[in-house]
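We name chains A, B, ... by the order of the sequence lines, and we start the count at 1 in each one. Hydrogens, waters and symmetry mates play no part in the numbers below; they use all other heavy atoms, side chains included.
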2 protein chains.
Amino acid sequence: MKVINQNIHIDGIDKKILRALMTDARTSVLEIARQVGISGAAIHQRLRKLEKSGLIAGSKFIINPKVLGYTTMAFVGVYLDKAVSNPDAVKQLKKIPEVLECHYTTGNWSIFIKILCKDNEHLMHLLNSDIQSISGVSRTETFISLDQQIERQIKI
Amino acid sequence: MKVINQNIHIDGIDKKILRALMTDARTSVLEIARQVGISGAAIHQRLRKLEKSGLIAGSKFIINPKVLGYTTMAFVGVYLDKAVSNPDAVKQLKKIPEVLECHYTTGNWSIFIKILCKDNEHLMHLLNSDIQSISGVSRTETFISLDQQIERQIKI
DNA sequence: CGTGAAAGTGGACAAGT
DNA sequence: ACTTGTCCACTTTCACG
């Protein structure tokens, strides 16, 4: 079902459709149709085309972590002994559910991760027990997000 | 409509509902009902309660940036002259659509941002023209994501 | 690429256990 | 808190402009 980049041309209507669904994935086809002024069937047809193009990667419910007591977000730069151990380290990091993102990066760090945890104690435990114990990890540099001011997707 | 944290107790069924919708926000109530083995009306009732609890922050379509030619993700640590200029700097950063995240952080940087752009040239332009020109920005440190290995939400 | 109609499916609510 | 039943809205497909 997934086909990527078939000479995609998105016009103003496509943008309106995508913006509506990027804001609320449950917006009905008919609701979008009302907003853009064409029939529901036409919206549906465009949506199928957008899906086939690979532009739409899926849809997700967004959970508010604070309601579950997860209030601390942190970023961790990880130094690894030797590059050869990188895939193994990633494999271990995947087992830690608090790790929301993991990137290979340029710069001093081998790996850069984003962590969501309950509090500083939880963070300390993750760093000292889970992350530092991964083979190849020599050192980490952590900085905590005091307040996230911007959170958004690519602009369509 | 938004009420936060009314002594939330999510059981196994709630978790299954949330996991299904976090994977695909368009999963129908009846489909979830089939998966967990109770009626659609019961799922619907639980969903309304979860929404009222504030745990569900919304739903979003996920766009694949690569299809639009956005292939370069970078992280930028921003040094600001004086803390007093932080809110102003954030205000300016909000005007740059390529800035997907912006955090106040502990550590050497005042602000930490995540950027999505088309290529290195685009990134260079953003850094030199858009970000460095913000009043109060003295210096930036940039590292590029070579490959994102993990991308997920909080584990329910 | 668009429309409108028709058929199937899901969402929302009521009443009962 | 879950079930069944009902009604209406929405999705999806189709023949056609």
Sidechain N-carboxylate O distance under 4.0 Å for R34(A), E31(A): yes
Main-chain N/O of V99(B) paired with R152(A) side-chain donor or acceptor, under 3.5 Å: yes
Atom pair distance, as rounded to whole Å: CD1 in I38(B) and P in dC2(D): 5 Å
Side-chain N,O (R34(A)) to OP1/OP2 (dC10(D)) below 4.0 Å: yes
Gap between atoms CG and C1', on L47(B) and dC2(D) respectively (whole Å): 15 Å
Nearest-nucleotide pick for Q45(A), side chain only, options being dG4(C), dC1(C), dA1(D): dC1(C)
Spacing between L30(B) atom CG and dG5(D) atom P, to the nearest angstrom: 14 Å
Sugar-phosphate, base or nothing in reach of I43(B), heavy atoms under 4.0 Å: nothing
Rounded distance (Å) that lies between atom C1' of dC10(D) and atom CD of Q35(A): 15 Å
Parallel, tilted or perpendicular, as decided by the 30° and 60° cut-offs, for the rings of H103(A) and F112(A): tilted
R46(A) CZ to dG2(C) C1', straight-line distance once rounded to whole Å: 9 Å
Candidate nucleotides dG10(C), dC10(D), dT4(D), ranked by approach to the side chain of S39(B) - the nearest: dT4(D)
Electrostatic pair E51(A):R26(B) at N-O distance under 4.0 angstrom: yes
Rounded distance (Å) that lies between atom P of dC13(C) and atom NE2 of H44(B): 6 Å
A41(B) side chain, from C-beta outward: closest of dT13(D), dC10(D), dA14(C): dA14(C)
Length of the CG-P vector between D24(A) and dC10(D), whole Å: 14 Å
Whole-Å distance separating the CD atom of E31(A) from the P atom of dT11(D): 10 Å
